Amino acid sequence: MIEWLPLLMFAAVFAFILAGYAVAPTLAGVALFFALIGILAGLFNPTDLGFIPIRVFGVMSNTVLIALPLFILMGVTLERTNIANNLLRALSSLMAGSPGGLAIAVVFVGALMAASTGIVGATVVTLGLLALPVMLKQHYQAGFATGTIAATGTLGQIIPPSIALVLLGDVLSNAYQQSQLASGVFNPKTVSVEDLFIGSLLPGLLLVGLYVAYIFGRSHLDPSVAPRAERRDADLNQREIVVSLLPPILLIVAVLGSILFGYATPTEAAGVGACGALLLAASQRALSFSTLKEICRTTLTTTAMVFFILIGASVFSLVFRGFGGDELVSGWFTQIEHAPWLAVGIVMLVIFLLGFVLDFVEITYIVVPIVGPGLLAMGIDPVWLGVLIALNLQTSFLTPPFGFALFYLRGVTPPSVETIQMYKGVVPFIALQLIMIGILALFPALATWLPSL
């Protein structure tokens with residue numbers, strides 16, 4: 001019976017989440033309920049619950065996770081300024097003469113926002129408020145416009161500084177150490193968040209290129225989807241374009257450059273980014289006391305939500321292991337240890353399907369700690385695996401019914417745009433993300449080459 005309890009735990013968690021219960025208390029509550037049943041049945045050691053305070057303290061004192069509230073602060077601060085608005089106006093004026101020019105400008109602005117905020121929700125809402133009314137006014141097809149904005153907003157998942165990469169770096173670091181210790185390596189090296197940041201750069205840029213190529217090709221084959229906008233020479237103010245591009249680029253250089261060239265850890269670079277965003281907001285006279293108060297409140301609530309889920313997931317994984325769930329999963333991988341590609345394919349399929357109903361934070365802290373050690377024990381490169389999972393988690397923001405990018409965008413989309421149009425509009429971009437996963441699977445050097453330097 002005990003071998004079925006870990007699977008029943010998973011089933012119970014998914015059932016409660018689908019029923020509408022909050023994720024963090026569901027994870028902890030289900031775990032403690034099953035632990036109580038196990039104790040009464042003599043199947044669970046009650047002293048294992050004594051490790052819960054240690055695990056909670058480990059989560060809250062993790063120096064890597066200090067980067068989370070700082071990156072969130074940076075993203076929320078930029079969301080409250082006119083940086084994205086100025087960027088969009090400048091780039092759209094440059095590309096106004098070609099079909100799909102505004103959509104391509106949206107992709108470039110979204111990529112810059114992803115590299116300077118790392119927060120999907122902030123990017124989607126900002127682009128939805130700024131770009132969608134203009135795109136609809138220029139007679140863009142509603143599904144094409146909303147699909148472009150929703151997919152562009154998800155670039156914050158793969159382009160550093162991504163919160164998803166920070167979380168994955170923490171989880172994969174522990175999983176990699178476990179796999180090495182299990183192999184008899186008692187002085188294990190580890191994979192860092194810096195490695196994932198650097199490894200995700202080329203795949204992230206290539207995905208931006210795929211988006212642009214698709215928009216360019218489709219708008220030229222069918223101009224009615226994304227009509228050509230009239231070019232107005234008055235819009236092409238070189239000084240305005242430079243002034244609009246310079247602040248976010250400087251912030252990106254400060255954050256990513258300090259990491260790439262080894263001057264700062266991601267946590268230190270997050271501090272640089274947060275301070276830089278506040279200085280940019282102050283320089284644009286957009287940092288009033290009420291604005292700063294709202295920035296701090298949003299940062300606090302978002303950070304608390306993430307850490308609450310981490311604590312719940314930590315309790316869940318403790319009870320899961322207490323029932324021998326890790327040995328069960330390890331046994332499955334042992335049966336296919338001669339076929340690591342099959343193991344990776346199965347895990348990627350499971351993560352993709354879970355993305356229809358779960359958020360990336362939940363998948364990261366429920367699934368990855370369980371399957372990670374088994375995959376890494378097969379000799380799979382942890383950086384490649386981390387970037388591959390990050391790309392896969394990116395699709396979870398677009399896959400209905402619980403695609404969070406679609407929820408964010410629906411909140412700022414006029415009633416004239418139907419939800420079914422939004423769902424149809426993201427399908428080509430989901431396909432592009434899956435194509436990018438396939439390219440990275442065939443060419444792992446896209447993720448491993450830069451970190452090796």
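Because the structure is predicted, anything quoted here is derived from the model rather than measured. Basis for what follows: all heavy atoms, side chains included, without hydrogens, waters or symmetry-related copies. This chain uses plain numbering: 1 for the first residue, then up along the sequence.
Side chain of Asn174 to main chain of Val171: no donor-acceptor pair is present (N/O by atom type, distance under 3.5 Å, no hydrogens or angles). Under a 3.5 Å cut-off, the side chain of Thr291 and the backbone N or O of Leu287 do not form any donor-acceptor pair. Between the side chain of Thr77 and the backbone N or O of Ala277, no donor-acceptor pair lies under 3.5 Å. In terms of modelled atom types and a separation under 3.5 Å, the side chain of Thr301 and the main chain of Thr298 share a donor-acceptor contact. Thr303 places no side-chain N or O within donor-acceptor distance of the main-chain N or O of Leu300, the cut-off being under 3.5 Å.
The side-chain heavy atoms of Cys296 and Thr299, taken from C-beta on, include no pair separated by under 4.5 Å. The shortest distance between side-chain heavy atoms of Leu206 and Leu440 does not fall below 4.5 Å. A heavy-atom distance below 4.5 Å is not found between the side chains of Val315 and Leu27. For the pair Val371 and Val350, the minimum side-chain heavy-atom distance is 4.5 Å or more. No side-chain heavy atom of Val253 sits under 4.5 Å from any side-chain heavy atom of Leu250. Looking only at side-chain heavy atoms (C-beta outward), Leu32 and Ile52 come within less than 4.5 Å of each other. Proximity of Gln433 to Gln157: side-chain heavy atoms (C-beta onward) are nowhere separated by under 4.5 Å. The shortest side-chain heavy-atom distance between Ile158 and Met436 does not fall under the 4.5 Å cut-off.
Between the side chains of Thr154 and Gln394, a donor-acceptor pair is found at a separation under 3.5 Å. Donor-acceptor pairing under 3.5 Å is lacking for the side chains of Thr267 and Thr265. When only modelled atom types and interatomic distance are considered, Ser173 and Asp170 share no side-chain donor-acceptor pair under 3.5 Å.
With sequence neighbours excluded, no residue forms a side-chain hydrogen bond (donor to acceptor under 3.5 Å, both in side chains) with Thr26. With sequence neighbours left out, the side-chain hydrogen bond (donor to acceptor under 3.5 Å, both in side chains) criterion links Gln421 to no other residue.
Ring geometry, Tyr211 versus Phe429: the interplanar angle exceeds 60°, so the pair is classed perpendicular (tilted spans 30 to 60°).
A ring-centre distance under 6.0 Å is not found for Phe44 and Phe34.
Interatomic distance, OG1 of Thr419 versus CG of Leu409, reported as 10.0 Å (0.5 Å rounding). Atom-to-atom distance recorded for Met378:CE and Leu342:CG is 8.5 Å, nearest 0.5 angstrom. Interatomic distance, Ile163 CD1 to Ile72 CD1, rounded to the nearest 0.5 Å: 4.5 Å. Atom CE of Met74 and atom CG of Leu70 lie 9.0 Å apart (nearest 0.5 Å). Rounding to the nearest 0.5 Å places CD1 of Ile159 at 7.5 Å from CG of Leu207. Once rounded to the nearest 0.5 Å, the distance linking CD1 of Ile39 with CG of Leu49 reads 5.0 Å.
Counted within 6.0 Å of CD on Glu418, heavy atoms from surrounding residues, nucleotides or ligands total 12 or fewer; the atom is thus considered open. Within 6.0 Å of atom CZ in Phe443, 12 or fewer heavy atoms from other residues, nucleotides or ligands are found, so the atom counts as exposed in its surroundings.
The heavy-atom pair separating Ala103 from Phe144 by the smallest distance is CB-CE2, 4.1 Å. Here the closest non-hydrogen pair linking Ala405 and Ala150 is CB-O, 4.0 Å. Leu446 and Pro203 make their closest contact through O-CD, 3.5 Å (heavy atoms, listed as atom of the first residue, atom of the second, distance). Of all non-hydrogen atoms in Pro451 and Val383, the two that sit nearest each other are CG-CG1, 4.1 Å. Across all non-hydrogen atoms, the minimal contact from Leu168 to Leu393 is CD1-CD1, 4.3 Å. Closest approach of Trp341 and Ala441 over heavy atoms only: CH2-O, 2.9 Å.
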**Asked** Can Leu278 and Leu292 be said to form a side chain to side chain contact (heavy atoms under 4.5 Å, CB included), step by step?
**Response** CA-CA 9 Å; Leu278 290 171; Leu292 183 60; 4.1 Å; yes

Which is it for Phe360 and Leu167 under the side chain to side chain contact (heavy atoms under 4.5 Å, CB included) test, yes or no, and what are the steps along the way?
CA-CA 10 Å; Phe360 78 97; Leu167 298 177; 4.0 Å; yes

